[in-house]
There are 2 protein chains.
Amino acid sequence: MVKVKTTDLQTQEKIFKAASEIFEEKGFAAARMQEIADRAGINKALLHYYFRSKELLFEAVFQVLLKKMFEKILSVFMMDISFEKKIKLYYEEHINILIRNPNLPLFLLNEISHNPGLGKGIRETLRYAEMRDVIYRKHAKEIRKYGIRKGELPQLMVTIVSMAIFPFAARNVMKMMMEQLGDTKSFNTFMQARKEFASDFVIAALKNRKK
Amino acid sequence: MVKVKTTDLQTQEKIFKAASEIFEEKGFAAARMQEIADRAGINKALLHYYFRSKELLFEAVFQVLLKKMFEKILSVFMMDISFEKKIKLYYEEHINILIRNPNLPLFLLNEISHNPGLGKGIRETLRYAEMRDVIYRKHAKEIRKYGIRKGELPQLMVTIVSMAIFPFAARNVMKMMMEQLGDTKSFNTFMQARKEFASDFVIAALKNRKK
DNA sequence: AATATCTTTGATCGATTAGTTAAACTATAA
DNA sequence: TTATAGTTTAACTAATCGATCAAAGATATT
């Protein structure tokens, strides 16, 4: 039997995958290098060989998870489609991503709040100014039609994303609630239904705003 | 000079206050007993004298902070006023509480998600079934008028609370955004404006729902 | 085959941390 | 004053954790 040697790339990927999972589940402070090594199926010293320290390993993982969260969203908001279609597509795409990575919101919000030094990577990934400019340029008429003043656009943006992100951050509380209320539907079923509910809700609100 | 002896109650309160602050800021895993002792101005061994372990101290603090988050909200939703007035009052009261305790949402969501054993206290404090029954009983007609089906009520509830809670959980990200966008208003000013924006948004959406 | 370089491991180190202990200190009451 | 119970402290312990190191193993180069 020929023993196939795992190359360094494979090892690095194994470490990265394990570290992503552990950090996402437990956060930086509660994550243990030993547990990451165990899940990757390697020795603990090898972690320090590939990534010098826990901090560096974390930062590498953090940047990738940050991109996983925001890249698709950014691309949706850059698209050349109507504002209503954009909202529908946003919920469809973002909720799909979050169903596959349900721990992402709480992990990111938490680490950003505890480690202000992570700010640089955020600015580069989540390009707010660019997004706002695109929205102003492409949807100025629609937004004015809806009675949204210029200064209220941040309020609207926060509202839209919170409807997709918050349920994942509050996922365990929601599961307890649903269980106690005798709701037999799963959390994922709830989030599937939320795609349409959120789209309709936002569009209905915009069509009925006081001008 | 007469040295006034601090009574045990004063000491216990000092410890509790310091522990609340540290746990709220850093979370259970990153909080240090030494730091709590320092902030309380006492010896570390005294922490273990009043609260046997870090876990017990944390659980005591957690229950109080959980109540601080949900007690007022529960009382608002129990009141005998119209649904629209209830929504307005909810945002007014809850956002006021959160402005005074901005770290509360992320702290609670995070600890609940990392420690499922905390579930008991949550069920007793956040009495979902009771809240849902009250809403069904008092507002059945309004909710039907708005085109909200019975099964969609959880969607509506999550939407309402997320608009108040999420911005605090994402507070640091929002601060970065506002800074980069050249927004000179403070986060608290944003949240003050959000009281009216959120009320209007929810009411507008409800009045315009497809039946 | 011989050498050099890269990868992986077991063992260990030093620092940090929650928790303990024994003794000192204070207040109260007899 | 003395005895008792409650409070506070400095010093210490045991365990955990991130990090290091020396040596073994694997791969590539000549």
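What you see is a predicted model, and the numbers here were worked out from it, not measured in a lab. Letters A, B, ... are given to chains in the order of the sequence lines, protein chains preceding strands, and every chain is numbered from 1.
- D:dA19 atom C1' lies 16 Å from atom CZ of A:Phe51, rounded to whole Å.
- For the OP1/OP2 pair of D:dT8 and a distance below 4.0 Å, the side-chain nitrogens and oxygens of B:Thr11 include at least one atom meeting the criterion.
- Regarding B:Gln10, its CD atom lies at a distance of 13 Å from the C1' atom of D:dT7, rounded to whole Å.
- For A:Leu46 and D:dT20, the CG to P distance is 14 Å, given to the nearest whole Å.
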Report task. I would like to know whether B:Phe201 and A:Thr159 meet side chain to side chain contact (heavy atoms under 4.5 Å, CB included); could you show each step before the answer? Result -> CA-CA 9 Å; B:Phe201 195 87; A:Thr159 301; 3.7 Å; yes
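- Of the options B:Tyr90, B:Phe70, B:Tyr128, a ring pair (Phe, Tyr, Trp, His ring centres under 6.0 Å) to B:Phe77 is made by B:Tyr90 and by none of the others.
- Within the 4.0 Å cut-off from OP1 or OP2 of C:dT7, at least one side-chain nitrogen or oxygen of A:Tyr49 is found.
- Toward the 5' end of DNA chain D, the nearer of the two residues A:Arg52 and A:Arg32, judged by each one's closest nucleotide, is A:Arg32.
- Between the CD1 atom of B:Ile42 and the C1' atom of C:dG19 there is a distance of 14 Å, given to the nearest Å.
- Among B:Phe51, B:Phe58, B:Phe62, the one residue that satisfies the ring pair (Phe, Tyr, Trp, His ring centres under 6.0 Å) test with B:Phe23 is B:Phe58.
- The side chain of A:Tyr50 has C:dT8 as its nearest neighbour among C:dT8, C:dA18, D:dG18.
- A:Asp38 has its CG atom 11 Å from the P atom of D:dC17, to the nearest Å.
- C:dA18 atom P lies 10 Å from atom CD of B:Glu35, rounded to whole Å.
- Between A:Phe187 and A:Phe168, the ring-plane angle classifies as perpendicular under the 30° and 60° cut-offs.
- Set against D:dT9, C:dT9, C:dA18, the side chain of B:Lys54 has C:dA18 as its closest nucleotide.
- Under 3.5 Å, the side chains of B:Gln34 and B:Asp38 contain a donor-acceptor pair of N or O atoms.
- Taking 3.5 Å as the limit, the base of D:dG18 and the side chain of A:Lys44 contain a donor-acceptor pair of atoms between them.
- Rounded to an integer number of Å, the gap from CG of B:Leu47 to P of D:dT9 is 10 Å.
- When the nearest nucleotides of DNA chain D are assigned to A:Ala31 and A:Ala45 by heavy-atom distance, the more 5′-ward of the two goes with A:Ala31.
- Listed candidates were C:dG10, C:dT8, D:dG6. Nearest to the side chain of A:Asn43 is C:dG10.
- Here the P atom of nucleotide D:dT7 and the NE2 atom of B:His48 are 18 Å apart, to the nearest Å.
- As judged by a 4.0 angstrom heavy-atom cut-off over every strand, A:Glu55 is placed among residues touching the sugar-phosphate backbone only.
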